[in-house]
Amino acid sequence: MPPTGKICAVPDAEPPAALGHALPAWEDLVSDSASVAEEFSEYVAARQKALVRTAYLLTGDHHAAEDLVQASLARVYLAWNRITDKGSIDAYVRRTMINEHTSWWRRAWRKRESSTDTLPETASQHDDPDPTERDEVWALVNTLPPRQRAAVVLRYYEDLTEAETAAALGCSVGNVKSQTSRALATLRNRLKSTTSDAEGSTR
Amino acid sequence: MNDPVERRLADSLHRHVEHLRSGRDLATAAIDRARRIRSRRRAVAAVAGIALLASAVPFSLNLAGDGGNDRTKMDYALSSPSDSGEPSEPEATRPDTTEELRAPEATEPTEGPSEIVPSTPEPDESGPESTDPESEPTGRPGEATSVTIDFGSLPEGQADPEVPYFDRDAGAIIDGGARTPVELNGIAEVARVAEGYAVQTIEERQRLYFVEQTGAVRPLGSGTATVETYAVNPARDRIAWVEGASGSAERRLVMAQGSGEVIADLPAGTMGVVGFLFDRVAVAGDDGTTPFIWEPGSEPEPVEGGIGALATDGGGYLSVVTGDDEEFRTCSTLLDTGTGNRELWGGCERAIRALEPGGDYAVTVDSRSDGMGDREFEIVDGPTGERFVDVEPAEATYFDYSFEPSGAVLIDAADDGQRAIVRCWPDGECELVTPPRTYDIDAAGDPPYVLGK
């Protein structure tokens with residue numbers, strides 16, 4: 001079924017803190033031009049591997065994951081000086097990645113102009129680092145709608161709390177609980193039917 | 001975690017990434033992409049300050065008597081202080097005929113600036129969806145007309161574009177009846193200036209050239225330097241650009257005569273050119289720093305409340321970035337620099353992509369657009385932001401926008417494996433201006449046309 005709108009309500013998360021309003025001098029800005037790029041590059045060097053892994057779990061495709069991280073980091077770079085609490089950059093990047101991925105998914109769906117029981121894929125369901133090992137759970141994760149998938153990845157891979165997951169998704173804790181339980185219910189049902197099919201085929 | 005399904009899920013997710021590697025330099029790639037986003041957003045409006053003087057390309061010569069082209073801005077403008085298409089007098093204040101529609105006083109910029117909305121009722125979206133030239137135009141303030149653009153159903157326009165464009169097949173800049181051959185590779189931007197054109201090319205890096213009407217080419221600036229952003233003033237006798245590679249300490253902001261003779265320059269840092277405000281240039285960084293306005297002979301003036309800038313109209317209007325909202329959308333506000341930076345309208349859902357010289361109209365897109373191709377856009381009233389035309393998402397993609405003196409907007413568009421320049425008026429009528437040519441949007445090769453300013 002196509003997505004019917006936003007899953008989450010108006011987000012509760014705090015927006016990034018703004019810069020102070022003291023006007024800078026031209027000389028100060030132009031003499032400090034290299035430091036932003038350096039600071040940003042240091043952050044990326046430290047976090048790139050972790051970000052690509054999360055992006056891979058969101059997209060199911062290595063190349064798409066790197067593209068997603070790159071696109072998200074570009075937005076973060078544009079906002080770098082507005083993020084005064086540099087300790088919250090991970091949260092900012094995570095949120096940007098999820099929003100960006102959701103946008104990609106919606107654009108891909110709109111292009112298909114069809115609604116089927118099987119959700120549209122933005123990546124191969126079989127793009128697996130170890131193609132020789134069939135993982136039914138992973139295959140089923142690839143069929144989840146993007147925000148349910150994001151909730152699952154944040155809770156079960158990144159080990160975020162419900163509150164942290166809500167902040168990343170821009171919705172309430174209650175919505176995180178319901179999205180996660182819905183995703184788990186889907187997984188349980190599909191694992192059960194997959195097991196039944198397998199048992200039936202061996203009879 | 002006692003639930004076996006939850007454990008299995010966690011195990012599966014961890015197992016699928018434990019051997020994952022990432023060899024790409026994503027930091028450099030992200031910075032380059034960010035700068036292209038800013039550069040592209042600014043370049044679209046960087047020379048929007050050119051008022052295409054009626055004397056340079058006589059408006060009447062381009063009208064073929066087709067009733068559809070016999071238009072002036074008075075046909076659909078609320079008020080038009082410069083109906084003749086000639087630039088307003090410097091320092092003139094716009095007649096305040098839009099008092100009743102003016103946005104309420106904006107609050108101080110905050111972390112998540114509140115939406116600045118017109119005080120009139122929401123526009124009625126029941127206007128006919130039509131690109132049929134026979135249909136009654138209904139676009140009026142408060143009645144946005146919804147249209148879709150489909151090359152197959154657009155009529156062919158009779159009037160040549162009133163801005164120059166580069167025709168790659170012809171290898172020439174087409175400007176009304178004039179045709180200037182150009183032997184440059186990778187042409188990306190064209191702007192009429194002085195007795196020729198400022199042309200930007202992008203191959204391994206961006207460069208800026210002056211092309212005379214004979215086709216003779218000479219580099220602008222130091223010649224070998226990278227020039228990512230530039231703008232031409234409304235009088236077409238000044239060019240401003242920033243030369244030097246991003247991140248380089250030697251980047252310079254340069255103001256020059258239309259011929260390229262340098263008037264003044266100063267260190268640029270991360271700043272890029274946004275556009276002209278009469279004879280002053282607005283510049284902004286790509287990293288959330290304050291924008292500035294500069295005129296040679298004086299110190300650059302910071303624009304209070306801004307942390308970036310998107311576009312100018314060449315006169316007094318400047319669109320500035322004010323922050324992010326809780327959805328991480330970029331918020332912006334249109335300022336009237338001629339009246340002490342009075343805030344006209346703004347918000348977080350839409351961003352200005354182009355302003356009509358004189359400020360009567362603007363093109364807005366989704367604020368999340370990265371400038372690499374839009375699926376929808378709106379034509380709005382410049383002073384108030386009220387929608388005239390809503391070009392709805394369909395199959396077409398829109399890359400660039402440039403206003404003509406008539407108030408129509410030219411759009412560089414791709415649709416169904418082709419690319420062409422389309423003209424749309426603020427009443428919702430649209431037409432093809434150039435013949436569509438084959439273009440593979442996924443291959444992202446050189447487009448057949450480059451829309452100029």
Side-chain angles (χ1 to χ4, degrees), chain A residues 10-11 13-19 21 23-24 26 29-34 36-37 40-41 44-45 48-49 51-53 56-57 62 66 69-71 73-82 92 95-96 99 103 107 110 128-130 135 137-138 141 152-153 156-157 170 184 187-188 191, chain B residues 3 5-6 8-22 24 26-34 37-38 109-112 246-247 249 251 266-271 285-290 292 294 299-300 302 304-305 307-308 323-328 330 368 370 375 393:
Chain A
V10 174
E14 289 290 319
L19 282 175
H21 292 296
L23 292 176
W26 175 265
L29 283 181
V30 302
S31 67
D32 199 30
S33 59
V36 169
F40 174 81
S41 298
V44 175
Q48 174 166 326
K49 190 159 100 174
L51 293 173
V52 170
R53 287 180 172 183
Y56 176 80
L57 293 174
H62 191 177
E66 289 187 328
V69 171
Q70 181 194 322
L73 287 175
R75 292 185 185 280
V76 171
Y77 179 73
L78 290 171
W80 191 260
N81 274 337
R82 304 203 285 274
Y92 196 107
R95 183 120 180 228
T96 305
N99 285 339
S103 299
R107 280 202 293 269
R110 196 185 299 132
D128 191 320
D130 185 359
D135 186 336
V137 173
W138 175 240
V141 166
V152 158
V153 168
Y156 295 99
Y157 173 69
L184 287 173
L187 285 174
R188 284 196 186 90
L191 281 174
Chain B
D3 185 314
V5 171
E6 289 181 285
R8 195 170 162 186
L9 174 57
D11 287 344
S12 173
L13 294 176
H14 281 86
R15 186 156 27 89
H16 274 83
V17 294
E18 66 185 1
H19 299 299
L20 206 64
R21 297 286 180 265
S22 177
R24 278 162 61 176
L26 293 181
T28 302
I31 292 172
D32 284 348
R33 184 179 179 138
I37 291 171
R38 280 284 185 248
T110 63
E111 295 162 9
S246 295
R251 290 180 93 235
L266 67 167
T270 61
M271 295 293 177
D286 54 11
D287 51 6
T289 50
T290 301
F292 283 76
W294 176 55
E299 286 296 305
E304 188 168 2
I307 54 174
D324 285 347
D325 68 355
E326 61 271 17
E327 297 287 321
F328 289 68
T330 299
R368 286 199 172 107
D370 61 6
R375 303 307 300 271

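The basis for the numbers below is simple: all heavy atoms, side chains too, and nothing from hydrogens, waters or symmetry mates. Throughout, a chain's letter reflects where its sequence line sits, starting with A, and its residues are numbered from 1.
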- Message: Test your reading of the model: is there a side-chain donor-acceptor pair from A/Arg75 to the backbone of B/Arg368, 3.5 Å cut-off?
- Response: yes
- Task: Taking A/His62 for its side chain and B/Ser22 for its backbone only, find out whether a donor-acceptor pair lies under 3.5 Å.
- Result: no
- Query: Would B/Val17 and A/Val52 count as a side chain to side chain contact (heavy atoms under 4.5 Å, CB included) if you check the C-alpha gap in whole Å, the side-chain angles of each, and the deciding distance to 0.1 Å?
  - Reply: CA-CA 9 Å; B/Val17 294; A/Val52 170; over 6 Å; no
- Query: What are the two closest heavy atoms between A/Ala74 and B/Ala30, and how far apart are they?
  - Reply: CB-O, 3.5 Å
- Give, for atom CG of A/Asp135 and atom CZ of B/Arg8, the distance between the pair rounded to the nearest 0.5 Å. 7.0 Å
- Query: Out of curiosity, B/Leu9 CG to A/Leu184 CG, how far, rounded to the nearest 0.5 Å?
  - Reply: 6.5 Å
- Report the C-alpha distance between B/Leu26 and A/Leu51 in whole Å, list the side-chain angles of each, state the deciding distance to 0.1 Å, and finish with yes or no for side chain to side chain contact (heavy atoms under 4.5 Å, CB included). CA-CA 11 Å; B/Leu26 293 181; A/Leu51 293 173; over 6 Å; no
- For A/Val76, is it the side chain, the backbone, both or neither that has a heavy atom under 4.5 Å from a heavy atom of chain B? neither
- Note on the structure: Okay, A/Ala71 and chain B: the region with an atom under 4.5 Å from a heavy atom over there is both
- Residue part contacting chain A, namely of B/Glu299, when any heavy atom lies under 4.5 Å: side chain
- Message: If I measure from the heavy atoms of chain B, does A/Gln48 come under 4.5 Å with its side chain, its backbone, both, or neither?
- Response: side chain
- Might you point out which heavy atoms bring B/Ile31 and A/Ser41 nearest each other, and give the distance in Å? CD1-OG, 3.9 Å
- Message: If I take atom CZ from residue A/Arg53 and atom NE2 from residue B/His14, how far apart are they, to the nearest 0.5 angstrom?
- Response: 9.5 Å
- Message: Do B/Asp11 and A/Tyr156 pair up side chain to side chain, a donor and an acceptor below 3.5 Å, judged on atom types alone?
- Response: no
- Query: Any idea which heavy atoms bring B/His16 and A/Leu57 closest together, and the distance?
  - Reply: CB-CD2, 4.5 Å
- Task: Please check if the side chain of A/Trp138 supplies one atom and the backbone of B/Arg15 the other of a donor-acceptor pair under 3.5 Å.
- Result: no
- Sequence neighbours left out, what passes ring-ring contact (aromatic ring centres under 6.0 Å, His included) with A/Phe40? Give chain and number order. A/Tyr77, A/Trp80
